[in-house]
Protein chains: 2
Amino acid sequence: MQGVLVKTQVSAEVWERFAALTIETSVALTGEVRIEPRSPGGIEISVTELEIIGASPLDYPIQPKEHGIDFLLDHRHLWLRSPRQRAIARVRSEIEQAIHDFFYARGFVRVDTPILTAAIGERSGLFETEYFDEGSAYLAQTGQLYGEAAAAALGRIYTFGPTFRAEKSKTRRHLSEFWMIEPEVAWNDSDDNMRLQEEFVTNLVQRALERCARELSVLERDTSPLTLVSPPFPRLDYGDAIQFLKQHGRSIAWGDDLGAEDEAVIVAEYDRPVFVVNYPREAKAFYMKENPADPRTVLCDDLLAPEGYGEIIGGSQREDDHDKLLTRIRAEGLPETAYDWYLDLRKYGTFVHSGFGLGLERTISWICGLGHLRETIAFPRMMNRLRP
Amino acid sequence: MQGVLVKTQVSAEVWERFAALTIETSVALTGEVRIEPRSPGGIEISVTELEIIGASPLDYPIQPKEHGIDFLLDHRHLWLRSPRQRAIARVRSEIEQAIHDFFYARGFVRVDTPILTAAIGERSGLFETEYFDEGSAYLAQTGQLYGEAAAAALGRIYTFGPTFRAEKSKTRRHLSEFWMIEPEVAWNDSDDNMRLQEEFVTNLVQRALERCARELSVLERDTSPLTLVSPPFPRLDYGDAIQFLKQHGRSIAWGDDLGAEDEAVIVAEYDRPVFVVNYPREAKAFYMKENPADPRTVLCDDLLAPEGYGEIIGGSQREDDHDKLLTRIRAEGLPETAYDWYLDLRKYGTFVHSGFGLGLERTISWICGLGHLRETIAFPRMMNRLRP
């Protein structure tokens, strides 16, 4: 809170203490609190007493000047105290509550899927740890497969937890530890799935606009592009996306996955999030449902955020046919025994179902208008960053 | 939903399909849905059409008979479908939403603290993984230290995430992966901290009673003991607890921590949760605030749940004096360099603050009246259990 002292209205001791105050000192103030529209936060205190609770030496590391990003990340525990970082933290917390409220209101059951998981075949980018006498455990990259088992029991579920990628990527869009929200819904097909995504993302953006106006203003976020976010979102077939990218000079062929730069070229065409749908089977994970209209492709979507942000969601209808799924597992050289329980879901009363994963940090980054994911989480973890 | 078929009112084909149905088959039913108080769930469908969506072979592993616990855990992905496990999952989800609502309504900011953390000295029970070129990372046993940094920035914060203990314990009260909720509040002293705990736990129990009546009934939970949970909770000084335990034949001495059996003896005396407060310094973690009234002890509390459940919360006021904290770090032989950032919180504007950690699975277990933590989470992780 902003405070005002008038020398003639306080004791000499209080004035002396005030004059000697250093940045980040903890103080107890006594005085009249008033509404004051010109004050940051809208209120102000006319100080009559000032007590020092916790002093702060003059060497406080973060000064009102430019600091390099490594220096700031080294002092993340103090950097968090800056108005900008506080604003991001508050937006993140508000979006998190909005996520819970969204699913709670729609009868979803939250399910906490395991972080420590057994081997599921040769995969890259996994953090590994010794697990008692059970051999190696790996930190989960997704909770989805477990979420599918839970959806078979409970109908509509979602997960909300940390996921891990041990990938040596140093981009503004990657963290080695990040949070994902993964709903999974029994009886939803790919279309239902995309409608849920539209409703969900719109809800989160609306919530931020409604309840985080002050924080977005601190972040100097131009909110006008956010006000355009409303369903339906355009749907671009993967084949058409490749055509479009080629026409715009990108070197890409049918069968390739889209890279960040490809996504940027696409989203520049739209004023709201856009779906790219029905990718080639080879570009996507084994569990996605074969597209009956074109079996070279699968029933999936990536949702790309506008303003250059790109992918924030990956979703799909899941392969519910036991034999087709088994064929895919074999074709990818995955160990059948590791997936026996997952196959059971198709063996004992299979059902159409779909789900998606929303990357929390990417979503926060877009809503806040940030240039890098590292500011969206209290203590970011990247390739070269494990401390503090 | 319960369905009823009357042979004379359906076609021969539908009756035939019905007669051949096996457990866990996915079906689409057509018919009139009615309110029917005698039906589980309160509604019932009079079936006129029945379509098989996903068949289920006769070897469905879980049959209406007694199965051993290992067999059930091996088939956890299917066991989740049983009414009892579904009820527990729903109570867990409701309590989780209640936790978020509780803190949101009180202006707390949710902060996601890191799972992957750097070495903080020789500690047992840590899962270790290689972290790029940074050496070893360890899975967090708590988010508290990070939560304190966030409370210095944001005032009132809470964490909600998985925590890990690589301890070779095989008790009904331990999992190697479990979820903790850790609020941290600037300017709260130990008394404020306990009042917050009382209000919080009472709120969660009330929410379960109000919104999970059906689930608690499926679990055959006698809810009368839960209705007694209301503030204030009795507070038992650690010294008095030791006296009491000795009088009841326990072999324990001043300075010892309380074991599960000690806790059981204490909680048997009370009809609601009870605090045991101000433990000896040696029995507790280095960061707890020295008790000015008796410096052999610290300002802390364990909250023990009634009906034999024991500890669900550990809380404390934190040592806010830089030099005392440094002395404790040295006395415990912890590496100062690993705690430099934590000491900074006391160097630059220290402040009274307190917090606690609630074990989610223990709380769910108590509220649901379960005998073991393993049923409180979708895919429990224990010493000998990493699959499915």
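This is a predicted model, so every value here is computed, not measured. What's counted below: heavy atoms across the whole structure, side chains too, no hydrogens, waters or symmetry copies.
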Is [X] close to chain B through its backbone or its side chain, or both, or neither, when contacts mean heavy atoms under 4.5 Å?
{"X": "A:Pro162", "value": "side chain"}
{"X": "A:Ala55", "value": "backbone"}
{"X": "A:Ser136", "value": "backbone"}
{"X": "A:Leu145", "value": "neither"}
{"X": "A:Ile377", "value": "side chain"}
{"X": "A:Ile157", "value": "neither"}
{"X": "A:Glu361", "value": "neither"}

### Query
Between A:Leu360, A:Leu116, A:Ile23, A:Val111, which residue shows the highest count of heavy-atom pairs closer than 4.5 Å to chain B?
A:Leu116
### Task
Between chain B and each of A:Arg346, A:Glu148, A:Glu94, count heavy-atom pairs under 4.5 Å; write down the option with the most.
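Ranked by heavy-atom pairs under 4.5 Å with chain B, first place is A:Glu94.
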Hey, does [Y] have a side-chain heavy atom less than 4.5 Å from the side chain of [X]?
{"X": "B:Tyr348", "Y": "A:Ser26", "result": "no"}
{"X": "A:Arg385", "Y": "B:Glu134", "result": "no"}
{"X": "A:Asp59", "Y": "B:Lys347", "result": "yes"}
{"X": "B:Ile53", "Y": "A:Thr350", "result": "no"}
{"X": "A:Arg92", "Y": "B:Asp112", "result": "yes"}
{"X": "B:His100", "Y": "A:Asp101", "result": "no"}

If you take all heavy atoms of [X] and [Y], which pair is closest and at what distance?
{"X": "B:Arg110", "Y": "A:Ser93", "value": "N-OG, 2.9 Å"}
{"X": "A:His77", "Y": "B:Asp344", "value": "NE2-OD2, 2.8 Å"}
{"X": "B:Val109", "Y": "A:Ala89", "value": "CG1-O, 3.8 Å"}
{"X": "B:Leu154", "Y": "A:Arg90", "value": "O-NH2, 3.8 Å"}

### Part of B:Trp79 within contact of chain A (heavy atom distance under 4.5 Å)
neither
### Query
Residues two or more places apart in sequence or in another chain: which of them pass salt bridge (Lys or Arg N to Asp or Glu O under 4.0 Å) with A:Glu319?
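Counting only residues at least two positions away or on another chain, A:Glu319 forms a salt bridge (Lys or Arg N to Asp or Glu O under 4.0 Å) with A:Lys289.
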#### Entry: Residues forming a side-chain contact (heavy atoms from CB on, under 4.5 Å) with A:Met383, sequence neighbours excluded
A:Lys168, A:Lys170, B:Phe132
### Query
Do the ring centers of B:Tyr131 and A:Phe127 come within less than 6.0 Å of each other?
yes
### Query
Going from CZ on B:Phe160 to CD on A:Glu96, what distance comes out if it is rounded to the nearest 0.5 angstrom?
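It is 11.0 Å, given to the nearest 0.5 Å.
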### Query
What residues form a side chain to side chain donor-acceptor pair (under 3.5 Å) with A:Thr25, not counting sequence neighbours?
A:Thr22
### Contact listing (chain A partner; residues 176-183 of chain B; heavy atom under 4.5 Å)
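Residues of residues 176-183 of chain B touching chain A at under 4.5 Å: B:Ser176, B:Glu177, B:Trp179.
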